Protein chains: 2
Amino acid sequence: MRATVPITVADIKSACSQCNLLELCLPFGMSETEINRLDELVGARRKVKRNQHLYRSGEDFEAIYAIRTGSFKTDVLLEDGREQVTGFQMTGEILGLDGISTELHSCNAVALEDSEVCVIAYDKLEELSRQIEGLQHQFHKVMSKEIVRDHGVMMLLGSMRAEERLAAFLLNLSQRFTARGFSPAEFHLRMTRDEIGSYLGLKLETVSRAFSKFQESGLIAVQQKHIRIADLDGLRRLVHHPVNSR
Amino acid sequence: MRATVPITVADIKSACSQCNLLELCLPFGMSETEINRLDELVGARRKVKRNQHLYRSGEDFEAIYAIRTGSFKTDVLLEDGREQVTGFQMTGEILGLDGISTELHSCNAVALEDSEVCVIAYDKLEELSRQIEGLQHQFHKVMSKEIVRDHGVMMLLGSMRAEERLAAFLLNLSQRFTARGFSPAEFHLRMTRDEIGSYLGLKLETVSRAFSKFQESGLIAVQQKHIRIADLDGLRRLVHHPVNSR
DNA sequence: GCCAAGCGTTGATCCAAGTCAACCACCTGG
DNA sequence: CCAGGTGGTTGACTTGGATCAACGCTTGGC
């Protein structure tokens, strides 16, 4: 179970203390002195080209990854080929937490565009977080946040209708782009309709139709992967007070 | 946001070292000396009656809970009243991990029968797991396992058809009962059809019909909440090689 | 021990989303 | 710069599961 494509492991020392993603990433909430000690943790960066795997289901787990640039999807495959996208990750977010439980990765992580991650050796992370209280606490928060996010996705998949799901998805993206200093209202989708559909438990045609419907009703302007949200509150209303809930 | 029903906090000291759920619970994989130190961690037990809340969404997070006897469901509510059950938990499993990220609980935990939990103060847990490597490692595994489980549920909700979902659900229960020394083939459901439906993203009528269909085809025998699995492999085939997958 | 409420089953009908199909609009690489 | 391929849109039709409805069975609270 090795990646079929050779992967560049850059030998550049990354420094959390120098990173502008600080407040989105693992070091969030830590003191300056604590963060300085983090620099010993992040070994190397690794570049992953579009459509390449960062890791695959079944591979040995050794490290978690913080996204420095670019974005990823994670997915789980069934024997018969069905794919379930379990998440889309952007800069500052952590990949690989699934691997801790069995020491094998349990999902695939694929770059949606040319990307770069910081490699955080897991044994070192455990060691250091026994020494640095702030790191321990923050790491636990990151894991817990992932659990809460997952529960939100279950809500989406289990209890919402197609248009509510897509509206919730767009609002979530908007909020995350905002946190990264980008426009809340205008962004570029990194994933295909098929991938959005898989994530939302819908077929790509249904996603496409929902986009068109939102456009007709003046909520958004879509042009391929470019999205402009014209009526944020309108989308919010769709999620919270759907026209006709199940 | 307080529980409306008074809750008994038993003053009995629990001892992990004496507990027969050891290998299913937080202490799994720890050395004897490590486990002895755990006893200082588990403060008290708490009894929760059927249909009572262990905690509610929005309440302050202070502790996680290990189930000693009984079982629970966790759920998330939407403003308009829609409920999504996010999991069913049984003995040895840990509740409350959702609260770490914001220091507020983000879901509700409700007892499905009269139950008892061990209360694990979270600040103490962090402190002790900085000292006991085995505890730290095991706690991380528990969180990671929850993330992996959640991804499995996403697969279920996003990519499987009604009967596959129910078959997967029964197999999962069977496996967990087995791990607890009960029969893999015969057990009592603690939850209603409506709760199963919510968990699986189906209506209760659909759950009921699927049960009847499984019975007709000789896979199981159902009588209300009592389930006997007659053909485990048949159920497995349903999940892995569905007659007609999406 | 009885009875009402909650839970479960089954049938008839409906509809949201899936499926199938045709076509369009971009990139992308030669 | 053009050709082929991938990704996206739209329409027609189908269908799995939801909805609505009626009824039967436990069960637990008095």
Side-chain angles (χ1 to χ4, degrees), chain A residues 49-51 73 81-85 110 112-114 156-167 169 188-216 220-227 238 242-246, chain B residues 49-52 73 81-85 110-114 156-167 169 188-216 220-227 238 242-246:
Chain A
K49 282 222 145 46
R50 188 171 127 85
N51 292 329
K73 70 168 176 183
R82 279 179 284 179
E83 177 196 30
Q84 176 67 36
V85 171
V110 183
L112 295 175
E113 60 195 305
D114 293 358
L156 217 88
L157 291 171
S159 307
M160 291 182 168
R161 340 178 95 267
E163 287 174 25
E164 292 177 68
R165 294 184 204 185
L166 190 65
F169 173 69
H188 203 80
L189 299 175
R190 249 70 235 213
M191 65 295 284
T192 66
R193 302 288 190 265
D194 198 24
E195 288 164 334
I196 298 173
S198 169
Y199 181 61
L200 298 178
L202 303 169
K203 291 289 146 184
L204 66 95
E205 293 95 328
T206 307
V207 174
S208 180
R209 278 185 244 270
F211 271 130
S212 302
K213 178 121 180 264
F214 286 175
Q215 173 144 265
E216 275 167 50
I220 64 172
V222 208
Q223 199 167 32
Q224 304 289 123
K225 297 200 147 136
H226 186 88
I227 303 283
L238 246 170
V243 189
N244 213 347
S245 43
R246 286 209 214 196
Chain B
K49 282 220 146 43
R50 188 169 129 84
N51 291 327
Q52 276 190 353
K73 71 167 176 182
R82 280 180 283 181
E83 176 196 30
Q84 176 67 36
V85 171
V110 183
L112 295 175
E113 60 193 306
D114 292 358
L156 215 88
L157 292 171
S159 306
M160 291 184 171
R161 337 176 98 268
E163 288 174 23
E164 292 178 68
R165 293 183 204 187
L166 190 65
F169 174 69
H188 203 80
L189 299 175
R190 250 70 234 214
M191 64 295 284
T192 66
R193 302 288 191 265
D194 197 23
E195 288 165 333
I196 298 173
S198 170
Y199 181 62
L200 299 178
L202 303 169
K203 289 291 145 183
L204 65 94
E205 294 94 328
T206 306
V207 174
S208 180
R209 277 185 245 271
F211 271 131
S212 302
K213 178 121 180 263
F214 286 176
Q215 173 146 266
E216 276 168 47
I220 63 172
V222 209
Q223 198 167 30
Q224 303 289 123
K225 297 201 148 134
H226 186 88
I227 302 284
L238 246 172
V243 190
N244 215 348
S245 41
R246 291 212 210 192

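Keep in mind that this is a model prediction, so the values were computed, not measured. Proteins get letters first, then strands, A, B, ... in listed order; numbering begins at 1 in each.
Judged by distance alone, the side chain of B:R193 and the main-chain N or O of B:Q224 form a donor-acceptor pair under 3.5 Å. Without hydrogens or angle criteria, A:Q84 side chain to A:S198 main chain gives a donor-acceptor distance under 3.5 Å. Judged by distance alone, with hydrogens and angles left aside, the side-chain atoms of A:D114 form a donor-acceptor pair with the main-chain N or O of A:R50 at under 3.5 Å. In terms of modelled atom types and a separation under 3.5 Å, the side chain of B:R82 and the main chain of A:S159 share a donor-acceptor contact.
Whole-Å rounding puts the B:Q223 CD to C:dC7 C1' distance at 15 Å. The interatomic distance linking A:R190 (CZ) with C:dC27 (C1') rounds to 15 Å, in whole Å. The distance between atom CG of B:L202 and atom C1' of C:dT9, rounded to the nearest whole Å, is 16 Å. Between the CG atom of A:L200 and the P atom of C:dA17 there is a distance of 12 Å, given to the nearest Å. Between the CG atom of B:L112 and the P atom of C:dC7 there is a distance of 12 Å, given to the nearest Å. Counting to the nearest Å, the C1' atom of D:dT15 and the CD atom of B:E163 are 14 Å from each other. Distance A:K203 NZ to D:dC13 C1': 17 Å, rounded to the nearest Å. Across the protein-nucleic acid pair, A:Q215 atom CD and D:dG8 atom P stand 15 Å apart, rounded to whole Å.
In terms of heavy-atom proximity, A:L200 sits nearest to A:R165 at O-NH1, 2.7 Å.
Between A:K225 and D:dG7 there is no side-chain N or O to OP1 or OP2 distance below 4.0 Å. The phosphate of C:dG18 has OP1 or OP2 within less than 4.0 Å of a side-chain N or O from A:T206. For B:S212, a side-chain nitrogen or oxygen approaches OP1 or OP2 of C:dT10 to under 4.0 Å. For the pair B:S208 and C:dT9, the criterion of a side-chain N or O lying under 4.0 Å from OP1 or OP2 is met. Here B:R209 does not reach the OP1 or OP2 of D:dG17: none of its side-chain N or O atoms lies under 4.0 Å away.
At the heavy-atom level, B:L204 lies under 4.0 Å from base atoms of the strands shown. Within the nucleic acid shown, B:Q224 comes within 4.0 Å of sugar-phosphate atoms alone, with no base atom in reach, counting heavy atoms only.
Distances were taken from every side-chain heavy atom of B:R161 (C-beta onward) to each of C:dC7, D:dG16, D:dG8; the shortest belongs to D:dG16.
Taking 3.5 Å as the limit, the base of D:dC20 and the side chain of B:E205 contain a donor-acceptor pair of atoms between them.
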